[in-house]
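Below, chain A is the first sequence line, B the second, and so on; all start at residue 1.
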Amino acid sequence: MTATMQTAITDSAVTAFLYQEARLADQAKYEEWFGLWAAGDIVYWVAPRADTDPKREVSLVYDNRDRLEQRVARWESGFAWVQDPRSKTNRIVGNVEVVELRANSVTARANVHICVSRRGRSEILVEHVTYRLDFNGTDYSIVEKKVVLLDEDAPVGNINFVL
Amino acid sequence: VTVDVASLLGPGWVDGSVYTDEAIFALEQDRIFRRSWLYVGHASEVATAGDYRRRDLAGEPVILVRDRDEQLRILMNRCRHRGNLVCQYSAGNAQFFRCQFHGWTYSNRGDLVGVPYPQSYDGEFSRTDYGLAEMPAVDTYRGFIFASFDANIAPLAEHLGEAKRLIDIFVEQSPTGELLVQAGVQRGEYLGNWKFVGMDGYHTNFVHRSVDVLQHTKRDIDPNDERRAEREVDLAPLEFGKSPDKLGNKAQDLGRGHVHIDNSPQRLAKADATMAEINGTPAGRTYVIAMEDRYGTERARTLLCAPDPHLGLFPNLQIIGVHIRVIEPMSAGRTVVVQYPVMLGGVPDEINEQRLRKHEWFFSPAGFGSPDDYEMFERNQLGLAAAVEPKVLLTRGIGRETDLGNGVLQGLYTDETPQRGQLARWAELMHSPELEPAVR
């Protein structure tokens, strides 16, 4: 198999994986969504800008495994009023690019547009997302997901769902 | 517009239209926001000469700047020529502000220093008459910068009153007394009235039940943790269904619309465990030693174990947890909330990092706590649209408060003492028919 073919296969597999993540998020299947994450240390980060240090600047989300697990548990608890009723989301994942390819890991970028509808109002969230994925030869899993919203200055409303 | 303020509230009740009526909102802008001390920013945000931050005060664009002489100024972001913006960026460092429309240029002291082709103005024209306008009153307390549109407003220290003591507690989280408001910002918004952002002990167990449930799942408590029992006890106070009043926390009306939820009784009751926890890491130990060196053992213990005043300063500032929160009313039914997590001078980096993570956990617009508050505010706005029986009931604990003698009225934790205090000030400022509308 040529290097080009290998790259094409990887691009396609990574894109399929990101589509799967988007679908589970839209369906609010949070436990299954959490299952896409790697087993060890993970970072789920919604950063204020691309170039920022989370130790020195506040983020919307900076979750390690424990906190992400708690976040999922909160969404599933039935007591997260901000998601009662739930925000319906429909997300388009595009411009997927594999930017670094190793034997056991992949770094990929994507643009994501999330259409959000709740209580008769709709809005669109626009994101740049960077993924670090582990690859075990069969499956991908998320080690780090970094989200940067397009408009860092705009106030955010109800964003208590997968970003 | 005529609004009969006296008809809108009485002892223990307020008419729902106070939260929903756009005419009342417009009057609030004149009578409250143009006649009060408004929080603008913190001195550490403009730490060196030339540093500036753009802000909005009652909808007016201003520039908070430390000028070339190190003096803090609040300049109106409006060219004296035809009113264009002179500062375009949200923050930066500049010697000059220039209007790009016709090139009028101002120093960071606000002086008009350049007018292109000045020969076409008549002999009467003098640049000294056209410096940038400034907020009529500016004053600071421990680095907190306030301004007012009312040049004759009472001194800030008088306005803050008892709240100063609580600001002190917030400042003295730092062993050097330095707050660093340099850790970014979070902007959230909700479709509800600005006055919903108050201090309320009654809501905690209901609105934040998800947090309570998570804590009781104890999934994050290692079964081999030696202090497991202690941690589990820590979680007990939020237990759903039991009144939290018995924990001893208090709700206070500090006067002038300032309000406070005093969580210190509950926190100081477990001070030993808190001190053990902070001392459990090298960074924490360093922090404790620095605090004891600066403030003495007793005061340091109080500052470290009951660090978190829930303070509301009428009309636009709150200090909660580790953050400064600014309320920006946009309309009767829309409010922007701006949050600045505050870092401490003189502590190990790990301590400040912990503050950020703790803040994000509960207070972030994507966090586990505040979003449920905002959801309640939105539902409240929707519910108030039903105006057949318009009174909102605020009688909880009325008439049984303790007068602490320093202008502070204290109720139990779940009492509506803060709501009544906030609305009393609201009515006092709104019900002033003898006053002309403030000059815009």
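Of the residues considered (A/Pro48, A/Gly78, A/Ser59), A/Ser59 shows the highest number of contacts with chain B, using heavy-atom pairs under 4.5 Å. Between chain A and the residues B/Ala366, B/Gly184, B/Ser364, the largest count of heavy-atom pairs under 4.5 Å involves B/Ala366. Heavy-atom pairs under 4.5 Å with chain A were tallied for B/Met343, B/Gln339, B/His323, B/Glu189; the largest tally goes to B/Glu189.
If you measure heavy-atom distances from B/Gln182 to chain A, the contacts under 4.5 Å come from the backbone alone. Contact annotation for A/Arg118: only side-chain heavy atoms (C-beta onward) come within less than 4.5 Å of a heavy atom of chain B. Only the side chain of A/Arg119 comes within less than 4.5 Å of a heavy atom in chain B; its backbone stays farther off. For B/Pro365, the parts sitting under 4.5 Å from any heavy atom of chain A are the backbone and the side chain alike. Proximity to chain B (any heavy atom under 4.5 Å) is restricted, for A/Ser77, to the side chain, taken from C-beta onward. Of the atoms belonging to A/Asn64, not a single heavy atom falls under 4.5 Å from chain B. Of the atoms belonging to A/Asp53, not a single heavy atom falls under 4.5 Å from chain B. Heavy-atom distances place no part of B/Val338 under 4.5 Å from chain A, backbone and side chain included.
Within a 6.0 Å sphere centred on CG of A/Asn136, other residues, nucleotides and ligands contribute more than 12 heavy atoms. The local environment of CZ in A/Arg109 is sparse, with at most 12 non-hydrogen atoms from other residues, nucleotides or ligands closer than 6.0 Å.
Between A/Arg49 and A/Glu57, at least one side-chain N (NZ, or NE/NH1/NH2) sits under 4.0 Å from a carboxylate O, which counts as a salt bridge. Salt-bridge formation is not detected for the pair A/Asp26/A/Lys88: no Lys NZ or Arg NE/NH1/NH2 atom is positioned less than 4.0 Å from an Asp or Glu carboxylate oxygen. A salt bridge links A/Glu100 with A/Arg102: the distance from a Lys NZ or Arg NE/NH1/NH2 to an Asp or Glu carboxylate oxygen falls below 4.0 Å. At a threshold of 4.0 Å, the pair B/Arg55-B/Glu45 counts as salt-bridged, since one of the basic side-chain nitrogens sits closer than that to a carboxylate oxygen.
Between atom NZ of residue B/Lys195 and atom CZ of residue B/Phe25 there is a gap of 8.5 Å, rounded to the nearest 0.5 Å.
Annotation: side chain of B/Val342 is in contact with side chain of B/Leu179 (closest heavy-atom distance under 4.5 Å). Within the 4.5 Å cutoff, no side-chain heavy atoms of B/Arg357 are placed close to those of B/Gln354.
A distance of 6.0 Å or more separates the ring centres of A/Tyr62 and B/Trp361. Remark: aromatic rings of B/His42 and B/Tyr340 are distant, center separation not under 6.0 Å.
Residues of residues 368-382 of chain B that come within less than 4.5 angstrom of chain A, heavy atom to heavy atom, are B/Phe368, B/Pro371, B/Asp372, B/Glu375, B/Met376, B/Glu378, B/Arg379, B/Leu382 in numerical order.
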